[in-house]
2 protein chains.
Amino acid sequence: MYLTNPTQQTAVTTADRVFEQIQHAIVEGDIPSGSKISEPELAKRYQISRSTLREALNRLEKCHLIERKANVGSRVVDCTIEGLLELYITREALEGMACRQAALNMSDMEIADMQAMLKAHGQTQELKDGVAYYQEQGDLDFHYKVILCSHNKQLIDLICGQLYHLVRMYRCQFGMNSPRASRAFNEHSQILQAITDRDGELAEMLMRRHIAASRKNIEKKIAEQNLLD
Amino acid sequence: MYLTNPTQQTAVTTADRVFEQIQHAIVEGDIPSGSKISEPELAKRYQISRSTLREALNRLEKCHLIERKANVGSRVVDCTIEGLLELYITREALEGMACRQAALNMSDMEIADMQAMLKAHGQTQELKDGVAYYQEQGDLDFHYKVILCSHNKQLIDLICGQLYHLVRMYRCQFGMNSPRASRAFNEHSQILQAITDRDGELAEMLMRRHIAASRKNIEKKIAEQNLLD
DNA sequence: TAAATGAAATGTGTCGACAATTTTAACTTG
DNA sequence: CAAGTTAAAATTGTCGACACATTTCATTTA
């Protein structure tokens, strides 16, 4: 599988296709963070005209993967510590609210689906001690589902359509394999319980804590690493 | 003055200029909400080529003023009640967090500036009973300033660069002239006090209440209007 | 040698034309 | 007359070329 974002619609035009390819290359770091983008070069590499490439670049800019300056050109965004922390702050606000809305708006069937998913994740974790799996795909699956279940188009677009591209980029480039997997699973369970109880306030609070915990974990690692320098 | 968004950078290219013109036309309703956009027609009206127009359309899509479907075309976004409420929910989350960050990150000078601005607003209000002014420009000024003072690029871009175009559009098209002006001023004062005290938690809570109050005010009006039908 | 100037080279912005798709309209058929 | 089919018109997507701005680099000058 190539894409994990559930809001990503299937590519119909060539600009769509190239957008996905470049997006993947940026997220994975094949096109390095902070590097300048040469339109003629990329157009040649992907065998398309510059117009089509520029269409793709516009979409990359929309999900904050590149930045453009008039008459100067495009750069892949820098992956900085500050940027990462700002991203987590923003996620805390948006996903917290999405979680509250999910608690208020989810259908009973959607809740049942989610419980099933979490149960499956739990078994996977027990059986294979699937730490690596859970923190990658499982965590994303859970968060995506909560956001979609907020049934708020504005929130869904902002988070899934924009923020999460950056989230995945940072995960790849900073190689985040923290040992928070089992704790994250427990936190997910708590959140789902609050949603099941239709307790929007608690659901938001738990989701915010969940994300804040990740952020603090990162901050701690940074601090430790700074001691070694 | 034409533009109020402080993050909007001066137009250097023709696409920039046309973007601003169309943006203005959409926000003001000169190009009606929900209407289809004809590329050839608009290109002719603004005396530019379709490529340049499409560049402008891409930016309009970035701030959620139009929606595009592949091989079909662009439409101006619909102004619906649901959309408006979703927008306020999102604002509550984002601006609440921005306000918390502002309380934590603002410099003392920025706080002094803000106090001066609010004091000026208060006098204007007293002197001219400037209800109309305050709810339009003054309210926007205050919110913009808080957001910018969060010093969080992610938040600033999401709110000022995207959400607030929609906010202004809804304000224009739904003709929001609610009698919340003096209450809003008081709420702003409370928020600034919390910021001055560096109380991030309270600042966020007050900002969320402030925005939620606007939302509930709208919901009430809708309900009243529905009784007349 | 370092700073300033100017020209060449590279890169971005804009244009008009063609290709591919969708929409419209006319026409056939039941 | 309604529904389905087909052809024409209109619209969007893509392309290559040119105009303009920026960057690079060689040359001049203090």
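Here is how names work: the chains are called A, B, and so on, in the same order as the sequence lines, proteins then strands, and each is numbered from 1. All figures in this text were calculated on a predicted structure; none of them were measured in a lab.
Counting any heavy atom pair closer than 4.0 Å across all strands shown, B:T13 reaches sugar-phosphate atoms only and no base atom. Among the heavy atoms of the strands lying under 4.0 Å from A:T52 are primed sugar atoms or P, OP1, OP2 only; no base atom is included.
With hydrogens and angles disregarded, a donor-acceptor distance shorter than 3.5 Å links the side chain of A:E86 to the backbone of B:K153. The main-chain N or O of A:I48 is never found under 3.5 Å from a side-chain atom of A:T52 such that the two would form a donor-acceptor pair. The backbone N or O of A:I26 lies less than 3.5 Å from a partner atom in the side chain of A:Q173, making a donor-acceptor pair.
With sequence neighbours left out, the salt bridge (charged side-chain N to carboxylate O under 4.0 Å, His left out) criterion links A:E204 to A:R100, B:R208. Applying the salt bridge (charged side-chain N to carboxylate O under 4.0 Å, His left out) rule to A:E219 yields the partners A:R215; only residues at least two apart in sequence or on another chain are considered.
For A:H188 and A:H121, the gap between ring centers reaches or exceeds 6.0 Å.
Looking only at atom types and distance, the side chain of B:N58 has no donor-acceptor partner in the side chain of A:R54 under 3.5 Å away. For the residue pair A:H64 and B:D157, a side-chain donor N or O sits within less than 3.5 Å of a side-chain acceptor on the partner.
As a whole-Å value, the separation of B:E55 CD from C:dC15 C1' is 14 Å. For the pair A:R75 CZ and C:dT12 P, the interatomic distance rounds to 11 Å; values are reported in whole Å. At whole-Å resolution of the value, CG in B:L53 and P in C:dC15 are 10 Å apart. Atom CG of B:N58 is separated from atom C1' of C:dT14 by 15 Å (rounded to the nearest Å).
Every pair passing ring pair (Phe, Tyr, Trp, His ring centres under 6.0 Å) that includes a residue from residues 146-169 of chain B is listed here, sequence neighbours excluded: B:Y144-B:Y164.
Annotation: B:K220, atom NZ; neighbour count of heavy atoms from other residues, nucleotides and ligands within 6.0 Å does not exceed 12.
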Can you give one letter per nucleotide of nucleotides 20-25 of chain C, 5' to 3': B if a protein heavy atom sits under 4.0 Å from the base, S if only from the sugar-phosphate, - if neither?
-SSS--
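One finds a side-chain N or O of A:R68 lying less than 4.0 angstrom from the OP1 or OP2 phosphate oxygen of C:dG13.
Residues from residues 60-67 of chain A placing a heavy atom under 4.0 Å of any atom in DNA chain C do not occur. Shown for residues 33-50 of chain A: residues whose heavy atoms fall under 4.0 angstrom of DNA chain D, namely A:I48, A:S49.
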Does B:E67 form a salt bridge (Lys or Arg N to Asp or Glu O under 4.0 Å) with B:R75? I'd like the steps, not just the answer.
CA-CA 5 Å; B:E67 289 166 346; B:R75 305 195 83 83; over 6 Å; no
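For A:S51 and D:dG16, a side-chain-to-base donor-acceptor distance below 3.5 Å is present, hydrogens and geometry of angles not being considered.
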